[in-house]
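Below is one structure, written out as structure tokens; the observations come after it.
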Amino acid sequence: MTFPEKAYRQHQPESWLASPRMPLQHQLPNNVFYDRYNGSLNKQKDSNDVYQQKDDFYYAKCLAGGALSSSVRWVFTPIDFIKTASQANPNRYTSFANGLSVVFREQGVSGLYRGLTPTVLAYSTQSGTKYATYEFLKYNLQENLDSEFASRHKSLIYMISAGCAEAVADVLMCPWEMLKVKVQTSHFGEFPSHFRPALATMIRRRREYGFPFGSLKPLWTRQIIGTVTNFVTFEHTVNGIYHHILNTHNKNDYSATTQLTVTFAAGFVSGTAATIVSHPADSLLSLQARYPDKTPREIVQLVGWKNLATQGLVPRVALTGTTIALQWFLYDSFKSAFGLGTTGGTD
């Protein structure tokens, strides 16, 4: 007895679906996809759910989305400039508003956007690398660890993924961050404010400034603890909103608009927490540009822990807390637009 081709294929086990003449992923039924990472066939979710295959294109889109999400920081460069300058020189401005007013009066709009180019380079490379690496590590840890262990230790998976992702991203970020801080903390006229002459000066005097990786350890201290706090808090806040406020275990019960609202709310909570936790290290990084001849311990002894933890905290919360919320929002908007779904909320 012979079967029509369609009926024949439906009656065969999954291992019989492959043909030597055609790649496996092009032969599968519409509701099945091939998992490249563990070599298995997996059912796609229901039509209302998001397609969950993770391949190279998925992470490339995450890289692009992460890089574009950093555009928020480009807009907030004036706030970042006054915050960084105030940390390095506490007596430079009487208040945050005074700083904006003085710089605008003396240097105009271009003065407020001092350090814009290294800011774009620093945060686009850092954000893109961070988000893509986090997604890659989180997915592979969840897939390759024992399912019961992975379910019980979600926070550990989030922490390892976020910490490793940030450590890698900071290596790419460090040269541009050092250049940005030097431009923003120097008094007007004592160091080039434009990108090319500033970069040339940093390279020429690299031994004096420790360029390009002299600030990598303080950067890791600031960024890793902040990113781990950010991502772990975000994941749990998203899950908490869906489970305890929206009373659902399937985020796709709600529209994309609602999901992105959840993303923004969770991003603000996680951004505020990350800002407070990482602020002392952020202050130390700014002060190193002011005191290049002193060790971190000597700087701490000079300014005190209280000043490290509080000086410039309010404008940094205003900048970083809101920025992180907007970054999550833009990142998840990008993912949703390309059919990748929003982050978190699937536990």
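Atom set for the values below is all heavy atoms of this structure, side chains included, hydrogens, waters and symmetry mates excluded. Numbering of residues begins at 1 and proceeds along the displayed sequence. None of the values given here were measured: they were computed from a predicted structure.
Side-chain heavy atoms closer than 4.5 Å link hydrophobic residues (I, L, V, M, F, W, Y) into clusters, and following such links, possibly through other members, connects Val228 to Tyr331. Side-chain heavy atoms closer than 4.5 Å link hydrophobic residues (I, L, V, M, F, W, Y) into clusters, and following such links, possibly through other members, connects Ile79 to Val109. There is no path of hydrophobic side-chain contacts, each under 4.5 Å, that joins Met202 to Leu219. In the hydrophobic clustering of ILVMFWY residues, with side-chain heavy atoms under 4.5 Å counting as a link, Ile324 and Met159 come out together. A single hydrophobic cluster is not seen to contain both Leu216 and Leu172; linkage of ILVMFWY side chains at heavy-atom distances under 4.5 Å, directly or through other members, places them apart.
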Working for side-chain contact (heavy atoms from CB on, under 4.5 Å), residues Leu121 and Leu179: CA-CA 10 Å; Leu121 292 171; Leu179 180 59; over 6 Å; no
Derivation of the side-chain contact (heavy atoms from CB on, under 4.5 Å) call for Cys164 and Thr133: CA-CA 8 Å; Cys164 293; Thr133 306; 5.8 Å; no
Lys154 vs Ile157, side-chain contact (heavy atoms from CB on, under 4.5 Å): CA-CA, chis, key distance, verdict: CA-CA 5 Å; Lys154 294 172 186 174; Ile157 291 175; 5.7 Å; no
Candidate pair Thr233 and Val269, rule side-chain contact (heavy atoms from CB on, under 4.5 Å), full reasoning: CA-CA 8 Å; Thr233 303; Val269 172; 4.0 Å; yes
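With values rounded to the nearest 0.5 angstrom, Tyr59 atom OH is found 10.5 Å from Leu340 atom CG. Between the OG1 atom in Thr117 and the CH2 atom in Trp74 there is a gap of 11.0 Å [rounded to 0.5 Å]. Taking CG from Asp253 and OG1 from Thr258, the interatomic distance works out to 11.0 Å, rounded to the nearest 0.5 Å. One distance of note links CD1 of Ile224 with CG of Asp170; it measures 6.0 Å at 0.5 Å rounding. Rounding to the nearest 0.5 angstrom, the gap separating the OG atom in Ser215 from the CE atom in Met173 is 11.0 Å. For the atom pair CD1 of Ile299 and OH of Tyr291, the computed distance is 8.0 Å after rounding to the nearest 0.5 Å.
Exactly one residue among Phe231, Phe234, Phe334 makes a ring-ring contact (aromatic ring centres under 6.0 Å, His included) with Tyr131. That residue is Phe231. Across Asn230, Thr343, Thr263, a single residue satisfies side-chain hydrogen bond (donor to acceptor under 3.5 Å, both in side chains) together with Trp328, and that is Asn230. With Arg222 as the fixed residue, the side-chain hydrogen bond (donor to acceptor under 3.5 Å, both in side chains) test singles out one of His279, Glu166, Glu177: Glu177.
With a 6.0 Å radius and a threshold of 12 heavy atoms from other residues, nucleotides or ligands, Arg152 has its CZ atom above the threshold. Around the CZ atom of Phe213, the shell of radius 6.0 Å holds more than 12 heavy atoms that belong to other residues, nucleotides or ligands.
The minimum heavy-atom distance between Ala325 and Phe268, with the atom names listed, is CB-N, 3.4 Å. Smallest separation of non-hydrogen atoms from Thr221 and Ile225: O-CG2, 3.0 Å. Residues Ala122 and Thr125 approach most closely at O-OG1, 3.0 Å, considering heavy atoms. Pro118 approaches Phe195 most closely through the heavy-atom pair CD-CD1, 3.9 Å. For Val120 against Ser124, the heavy-atom pair with the smallest separation is O-OG, 2.6 Å. For Gly226 against Ser278, the heavy-atom pair with the smallest separation is CA-CB, 4.0 Å.
Side-chain N or O atoms of Gln184 include one that pairs as donor or acceptor with a backbone N or O of Arg114 at under 3.5 Å. With Gln142 contributing its side chain and Ala150 its backbone, the two residues share no donor-acceptor pair below 3.5 Å. A donor-acceptor contact shorter than 3.5 Å links the side chain of Glu190 to the backbone of His187. Looking only at distances, no side-chain donor or acceptor of Thr129 sits under 3.5 Å from a matching main-chain atom of Gln126. Without hydrogens or angle criteria, His244 side chain to Gly240 main chain gives no donor-acceptor distance under 3.5 Å. At distances below 3.5 Å, not a single donor-acceptor pair connects side-chain atoms of Ser161 with backbone N or O atoms of Tyr158. Looking at Thr275, its side chain does come within 3.5 Å of a backbone N or O of Gly271 through a donor-acceptor pair. Distance alone, capped at 3.5 Å, is enough to place a donor-acceptor pair between the Trp220 side chain and the Ala167 backbone. Lys251 contributes a side-chain N or O that, together with a main-chain N or O of Thr342, makes up a donor-acceptor pair within less than 3.5 Å. Side-chain atoms of Arg316 never come within 3.5 Å of backbone atoms of Leu313 as a donor-acceptor pair (strictly under, hydrogens ignored).
For the residue pair Ser127 / Gln327, a side-chain donor-acceptor distance below 3.5 Å is found, with atom types taken as modelled.
Using a 4.5 Å heavy-atom cutoff, the side chains of Ser333 and Leu260 are in contact. Between Leu137 and Ile160 the shortest side-chain heavy-atom distance does not fall below 4.5 Å. Counting heavy atoms from C-beta on, the side chains of Arg205 and Lys182 never come closer than 4.5 Å. Side chains of Tyr93 and Val103 form a contact here, defined as non-hydrogen atoms less than 4.5 Å apart. For the pair Tyr254 and Thr261, the minimum side-chain heavy-atom distance is 4.5 Å or more. Residues Leu287 and Leu302 are not in side-chain contact: their nearest non-hydrogen atoms beyond the backbone lie 4.5 Å or more apart. Tyr242 is listed as a side-chain neighbour of Gln259, based on a closest heavy-atom distance under 4.5 Å. Counting heavy atoms from C-beta on, the side chains of Leu199 and Trp176 come closer than 4.5 Å.
Legend: salt bridge (Lys or Arg N to Asp or Glu O under 4.0 Å) pairs involving residues 62-82, not counting sequence neighbours, sorted by first then second residue: Asp80-Lys83, Asp80-Lys180. Applying the salt bridge (Lys or Arg N to Asp or Glu O under 4.0 Å) rule to pairs touching residues 292-311 yields nothing, sequence neighbours excluded.
Using a 30° and 60° split on the angle between ring planes, Phe264 and Phe329 fall in the perpendicular class, above 60°.
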